[in-house]
Structure formats: C-alpha cells, structure tokens
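Just below is one structure, and these are the notes that go with it.
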Amino acid sequence: AAAGRGDSATVARCAEKALALGPPPDRRFELHRDYATALGYLGRREDQERQIAEALALVPDDAARAHILADQADLLWRTGRGQDALGVAALAAEAARRAGDAEALTLVLGWQIGVLAGAGRLSEARQALAEAERVGPHVSPRARAFLVAQRAALDGLAGELVARRDAFQQAVRLFREANDLRRAAGAEVNLADVQNRIGAYSEAASALKAAAESCRRLGLRGREGYALCNLAYAQTMLGLAQDALHHLAQAAKLAVSTRDARLHTVVRVYRVRALLRAGLVEQAVAEAEAAVGSAEAVGRPAWLVLALAAAARAHLTAGDPVTALGLSTRAVGLRDRLGAIEEDELEVFLVHVEVLQALGRAQEAEQWRSRGRDRLWEIAGRISDLTWRARFLRDVPTHRALVEDAGG
C-alpha cells in the first residue's frame, strides 16, 4: 500500500518490522525485493545492496531472478561500477528470456538502452530497443512507460527534442496510470529539463522547482539531486549563478549520501559553468580538473566530453589557451568517436573554435565553426515544432554564437 502511494520511507519501516517478526517463507523474497526497491529510492545504497543479496538467495524462478538482477544492475551502475552493471544486466535478460517473461525482459532491455546510450554504444542500444519493442505490446503500462522513458534517451542523442518531449509526457501518463508515482516523478524531472535544451530557461526553472519538490516529498533523494542539477543549469543560463551554486551544493550532498557517482559527475560539470558565470575563475579551474577525473572514473564518455569542454572553457577564461587547446582537442575527438552527445553538443564545437582563435589559428577556427554550424543545422532540422526550432536557434547562447561570423 505504501509503495502504491510512493511512500518509500513507510515501505522501509514496514519491511523492517515484517522481517523482524518473521514473514512466511513464501513471502520472504517479495519482501526483500520491495524493501530493496524502497531503499534504492531513499538512496540507502549499502542497505539496498544487502537486501538485494538476501533476495537473490531466495529467488523462486527465473522471472523473479530477472527482476532482482535488473535492480542489482541499476545499483551497480549508479555507484560507478558500470562494467559490472552491464554484465549483471545481461544475466537478467537471459533469465527473462528463459522464463518467457515479457515484463521482466522489457524492464531489463529498457534499462540497457539508457546505459548503453550513455556509454556511447548506440548500435547496441538500438538493438535492445528493437527487441524490447517486439515484446512491448504484451506488458503492463508500467513496463511500457519505462521503455518509453528510456527510448527518450536515444531521441535526445539524435537531436529529436520534440520526440523526446513527447516520450517523457507519455511516460508520465503511463506511470500515473500504473500508480507508480515514484517513476512518474522521475520522468517529470526529465520532461522539465527538455526545456533547457531549447533555451526556455525560465520555464525550465519553474518546472524543475516543482519537480524537485515532488521528488523530495516522495523521498526520491537521487532524483531530487538530478532535478536540482537541472534547475542549477537553468539558473546559470539565467545569470543566477549564486542560486545555481546553492542548489548544486545541495545536489552534491545528495550524491554523497546516495553514493551516486554519476550524479556527482553531473554536479561537478555544472559547478564549473556556474563558477565561471559567478566570476570565480580559479575555483572553476580546480573544479574542472575534478570534473574530468570524475567523468573518467565513472566510465561515462558523453559526460567526459562535457567535462573536457568545461575545463577548456575554464582554462581559456583563466588566460591559458595552450592548456585549453589540449582539453578542447580531446573533447571534439571523443565527440566525433561517439557521434553525438545528449546535451550541449554545440558547446564542444564553440569552445574549440574560441580556443583556436585565442591562439591565432583563425583558419582552423573557421573550419571548426563550419563543422559546428553544420551539426547545428542538422539537429535543428529534426525539430518538427517550428516554435521550438526557432527557440533552439535563437535562445541558446551557444547556438547564436556559433552562427556568428568570427568578426561578429
């Protein structure tokens, strides 16, 4: 009942009491599994890991094994053990196929889509999506919602911002139909952040404040952290750097307490930008070094691209274009190997252009500006909503700067 309300704290409290009293043997697996899920939402990772281990020792069949292994994979991924996570997810998919459990298989494949896309393994992510969509008609609204939300990750990489928006709107609706308020709140965070991508920063900030409060109310400490990061991004772009730094400090505390290595990386990258906007250049340079190290450690190449670009921007602002060039060269090279990144892709081109200009390499700078413009037109051409396309080109400062001539 508490899980249906999205009340993870009550789930945990009741589960602890039930385990202390000694539940019937045929209910122990279910209890450990539900307890582990609640602990994950609460960010209590060590306790969650223990409960998953208890559940794994009690799995009654392959379908149950698939569900709990999927949860274990997500835990490993969030705590920075990406390779282990992918291995466990593969075992979960095998168990789901053996069981003929479409629900479990859809959830596992949906999880793989997001992780593989984030790791730059787009071909594998699309294969997982194709398999998941083949079994999708036979699953619950909750599983369909999860798949739709994960598919939005691929839409973002393709620059399909309208499709991404529509996918998250559909996911919110389906999660609510399934009475999964916790995942609905998470999808609302991602839906609000889509507005950041088109330069609708004021609208994004308002929606993200509401989303962060919803996550806080439901005890979704990790999702609250991401909402605060996205809110800080909007505030930085609006020139509210001190507000952004305040919210990033809150998000950093949540990242530490929930052992979410990915969240910590996002916080660091966004802090570099906020510090630069606040005029705290030396702090931004130091934070940039930490951001690059953090992105390398968690194995998230897309975020490593953004960290390198942010570090290049920090060193350029500090008057060190030589160091900035090494960083921006790494950033554009990795972006080219990935083919695309989910957000701020054009900033990677722009900072490289500006570094080359600072070093007097005008011809190379113009070549990279031309490449960036081509990519900008490519992404803009995929935005079917003409109002959104106009905002994407006009209201994102990086996009405006990229299409300006070198002389202004």
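Remember, predicted model here, so these are calculated numbers, not experimental data. These numbers come from the heavy atoms of this one structure, side chains and all, not from hydrogens, waters or symmetry mates.
In this model, a donor atom of one side chain and an acceptor atom of the other lie less than 3.5 Å apart for Asn196 and Asp193. Counting only N and O atoms by type, the side chains of Arg45 and Thr258 include no donor and acceptor under 3.5 Å apart. Between the side chains of Tyr201 and Gln195, not a single donor N or O lies within less than 3.5 Å of an accepting N or O. Counting only N and O atoms by type, the side chains of Thr37 and Asp34 include no donor and acceptor under 3.5 Å apart. Side chains of Arg223 and Tyr41: a donor-acceptor N/O pair is absent below 3.5 angstrom, by distance only. A donor-acceptor contact closer than 3.5 angstrom is absent between the side chains of Thr265 and Arg300. Checking Ser140 against Arg142 by side-chain atom types alone, no donor-acceptor pair falls below 3.5 Å.
Between the CG atom in Leu386 and the CZ atom in Arg391 there is a gap of 14.5 Å [rounded to 0.5 Å]. Rounding to the nearest 0.5 Å gives a distance of 9.0 Å between CG of Leu346 and CZ of Arg335. Atom CZ of Arg144 and atom CG of Leu147 lie 10.0 Å apart (nearest 0.5 Å).
Listed for the Ser214 side chain is no donor-acceptor partner under 3.5 Å among the backbone atoms of Ala210. Here the side chain of Ser257 pairs a donor or acceptor atom with the backbone of Lys253 at under 3.5 angstrom. With Thr79 contributing its side chain and Leu76 its backbone, the two residues share a donor-acceptor pair below 3.5 Å. Remark: the backbone N or O of Tyr270 is not paired with any side-chain donor or acceptor of Tyr233 at under 3.5 angstrom. In terms of modelled atom types and a separation under 3.5 Å, the side chain of Asp320 and the main chain of Thr323 share a donor-acceptor contact. Not a single donor-acceptor pair under 3.5 Å links the side chain of Arg221 to the backbone N or O of Gly43. Without hydrogens or angle criteria, Ser328 side chain to Leu325 main chain gives a donor-acceptor distance under 3.5 Å. Glu160 places no side-chain N or O within 3.5 Å of a backbone atom of Asp155 that could act as its donor or acceptor partner. Side-chain atoms of Ser206 never come within 3.5 Å of backbone atoms of Glu203 as a donor-acceptor pair (strictly under, hydrogens ignored). A donor-acceptor distance shorter than 3.5 angstrom exists from the side chain of Asp101 to the backbone of Ala104, with no hydrogens or angles considered.
Judged by the 6.0 Å and 45° rule, Arg183 forms a cation-pi pair with Phe146. For Arg197 and Trp388, the positive end is not near the middle of the six-membered ring at less than 6.0 Å and at most 45° from its axis. In this structure, Arg262 fails the cation-pi test against Trp303, since its NZ or CZ atom is not both closer than 6.0 Å to the six-membered ring centre and inside 45 degrees of the ring normal.
The only option from Val11, Ile52, Leu19 that meets the side chain to side chain contact (heavy atoms under 4.5 Å, CB included) definition with Tyr35 turns out to be Leu19.
Salt-bridge formation is not detected for the pair Glu16/Arg13: no Lys NZ or Arg NE/NH1/NH2 atom is positioned less than 4.0 Å from an Asp or Glu carboxylate oxygen. Ion pairing between Glu94 and Arg97 fails under the 4.0 Å rule for side-chain N and carboxylate O. Between Glu378 and Arg382, at least one side-chain nitrogen of the basic residue sits less than 4.0 Å from a carboxylate oxygen of the acidic one, meeting the salt-bridge criterion. Between Arg330 and Glu296 there is a salt bridge, with a side-chain nitrogen of the basic residue lying less than 4.0 Å from a carboxylate oxygen of the acidic one. A salt bridge does not link Asp374 to Arg371: none of the charged side-chain nitrogens sits closer than 4.0 Å to a carboxylate oxygen. Looking at Arg151 and Glu133, a side-chain N of the basic residue comes within less than 4.0 Å of a carboxylate O on the acidic one, giving a salt bridge.
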Worked verdict on Asp84 versus Arg81 for salt bridge (Lys or Arg N to Asp or Glu O under 4.0 Å) = CA-CA 6 Å; Asp84 291 340; Arg81 292 169 280 178; 5.7 Å; no
inquiry  = I'd like to know whether Val348 forms a side-chain contact (heavy atoms from CB on, under 4.5 Å) with Leu308, so could you lay out the CA-CA distance, the side-chain angles of the two residues, the decisive distance to 0.1 Å, and finally the verdict.
reply    = CA-CA 9 Å; Val348 181; Leu308 289 166; over 6 Å; no
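Nearest heavy atom pair, residue Phe29 against residue Leu58, reads CB-O, 3.9 Å. Between Pro397 and Asp395, the shortest heavy-atom contact is CD-O, 3.4 Å. For the residue pair Pro23 and Leu31, the shortest heavy atom distance occurs at CG-CD2, 3.8 Å.
Side-chain contact between Arg273 and Leu306: present, with at least one pair of heavy atoms (C-beta onward) separated by less than 4.5 Å.
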